[in-house]
Chemist: 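Once you've had a glance at the structure underneath, I'll fire off some questions.
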Amino acid sequence: MKELLQLLKENARRSNAELAVILGRDEATVAAQIKELENTGVIRGYSVIVDEELADKDEVSAYIELKVTPQPDCGFDELARMISGFESVESVTLMSGGYDLGITITGTGLRDIASFVAQRLATIKGVLSTRTHFVLKRYKEKGILIQDEGNDERGVYL
Amino acid sequence: MNYQQRMSQRAQAIAPSPIRRFFDMAENMEGVISLGVGEPDFRTPWTIRSAAINTLERQAIFYGANSGLLQLRQEISRFMERKYQLSYCPENELLVTIGGSEAVDLTFRTLINPGDEVLITEPCFVCYAPLVSMADGVPVSLPTKEENEFRLTAAELKEKITPKTKLLVLSYPNNPTGAIMRREDYEEITALLRDTDIFVLSDEIYSEMTYGTKHVSIAGFEGMRERTIVVNGFSKTFAMTGWRLGWMAAPPEIIAEARKIHQYGIMCAPMVSQRAAIEALKHCESDCADMIAEYDRRRRFLLERFSQMGLRCFPAQGAFYLFPSIESSGMDSESFCEQLLQEERVAVVPGSAFGACGKNNIRISYAYSLKHLAEAADRMEHFLSKHHK
């Protein structure tokens, strides 16, 4: 299963037939294993890794650190769920260390993100402070390089 | 100066490497995708590199013992015992060399007298025959057959043995075919060798790269240890090609002679590499397992693609090469490779570069990412659809 997941992480568009060959299993087994991973919620979805710079030059991304007050009974979960509900929010994680929630967000410009932080996030009850970092350049995401791979430095010497 | 007249006749008689020619051609073309490289695409595991950095930071890099660091030889000895049930004494039966290549060269120079015949099992890596010639030996081709999955049979061997035969060169898992020798194959051959005084050079540089089976060393068979020189190294197993480190394992009498040549010609293998290699042998089992699992995935992927495109290929279980037959194209391997490069910009090595018996095959290296292999396979399929007879 781990090997299958790894292959899917590298490229989720591989066909079951191809996965079967690479893994040395039959296609039906692979199909069943993927189904199981989906049904048990291990696989939450399939997405695509985009070089945003090429896709849309105007898009801006930011990483926001949030300090919050944990709520009685539900701790951080309720707030995290609420923030996850915003469409422009791409990821929400609970962090150890100097802040509580880490959020990534994408908007159409600096102003767009500024207003989201000021009007949507900062106003949520329980949010104590926010700290916004703008993404300048992406190099790698989910194990995939967001830049041309370097040349193969290996030569043929014999 | 009339160089030609004044320089060594033997050196001048050596032909340039047949693999190179293709890649000189490929280098001047745009958009070429290669399946030609004969070294791992993985980086040396970090723990090994880190050991080298520590060595550079904390230690003076002096010359070391001619035979190699004793601690490294002890680790090599344990490795050979653990992996292949071969027992070699670190003190006098192991010599650390500059890659497996130096160990091969040393073996020839240690054993060969002028006119001695050396049987070279083909297809094989290109270094053996030239090095035998430089040692005044006579290289004798010992071709193997695709129908036998390029394993050496006793009948083939027997046919080539003469009173002048000094040494048999075996390299399994094999470059370029990916072939391996099974226990039963060695049973046959060793039965034949046991009654002779022929030596065996067993180049086992790809020993850790076997798929679905474990490597067997000829040195472990009855009567073989005394006549066998086992060559191995760090390049392939630990993705350490540029570190230039290998070893030879042989009876003390042979090592003693080889060490003299090594001492005068080389002094000692690079010390930074030796320190790093200790780390490799001690702590990199799981890194190696990961690399091997990945090679195996690629191997299966390519075998399936070849079968889909009608390219006949025996299911090689070793090294990181496949050796498909291109007979169905009606071309010989040289022209096949040249046209494949011109028309589809895929660089592979003609099988004939590794011996005449490879003339109907091409060598495919899968020391490349699956993504890279998929693209190359698509191009090959397109090429074959145009050229199928």
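Hydrogens, waters and symmetry mates are skipped; everything else that's a heavy atom, side chains included, is used. A, B, ... follow the sequence lines: proteins, then strands. Residue 1 opens every chain. Nothing here was measured: the structure is a model prediction, and the numbers come from that model.
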Chemist: If I measure from the heavy atoms of chain A, does B:P40 come under 4.5 Å with its side chain, its backbone, both, or neither?
Modeler: backbone
Chemist: Using heavy-atom distances under 4.5 Å, tell me whether B:A353 contacts chain A through its side chain, its backbone, both, or neither.
Modeler: neither
Chemist: Return the minimal non-hydrogen interatomic distance between A:R154 and B:E39, and the atom names on each side.
Modeler: NH1-O, 2.7 Å
Chemist: Output the residues of residues 300-319 of chain B for which the shortest heavy-atom distance to chain A is under 4.5 Å, in residue-number order; output 'none' if no such residue exists.
Modeler: B:R300, B:F301, B:E304
Chemist: Roughly how far apart are B:D296 CG and A:I22 CD1, rounded to 0.5 Å?
Modeler: 11.5 Å
Chemist: Taking side chain as C-beta onward, heavy atoms only, is B:L370 less than 4.5 Å from A:L7?
Modeler: yes
Chemist: So how far is it from A:E10 CD to B:S369 OG, rounded to the nearest 0.5 Å?
Modeler: 9.0 Å
Chemist: Return yes when atom CZ of A:R120 has more than 12 non-hydrogen atoms of other residues, nucleotides or ligands closer than 6.0 Å, and no otherwise.
Modeler: no
Chemist: Can you tell me if A:E87 has over 12 outside heavy atoms packed within less than 6.0 Å of its CD?
Modeler: no
Chemist: I need the residue from B:A374, B:A367, B:A26 with the largest number of non-hydrogen atom pairs under 4.5 Å to chain A.
Modeler: B:A367
Chemist: Quick one: what part of A:E3 sits under 4.5 Å from any heavy atom of chain B, side chain, backbone, both or neither?
Modeler: side chain
Chemist: With a 4.5 angstrom heavy-atom cut-off, could you sort out which part of B:D41 is near chain A: side chain, backbone, both or neither?
Modeler: both
Chemist: Check whether A:D152 gets within reach of chain B through its side chain, its backbone, both or neither, counting any heavy atom under 4.5 Å.
Modeler: side chain
Chemist: Taking everything shown except A:D73 itself, do over 12 heavy atoms lie less than 6.0 Å from its CG?
Modeler: no
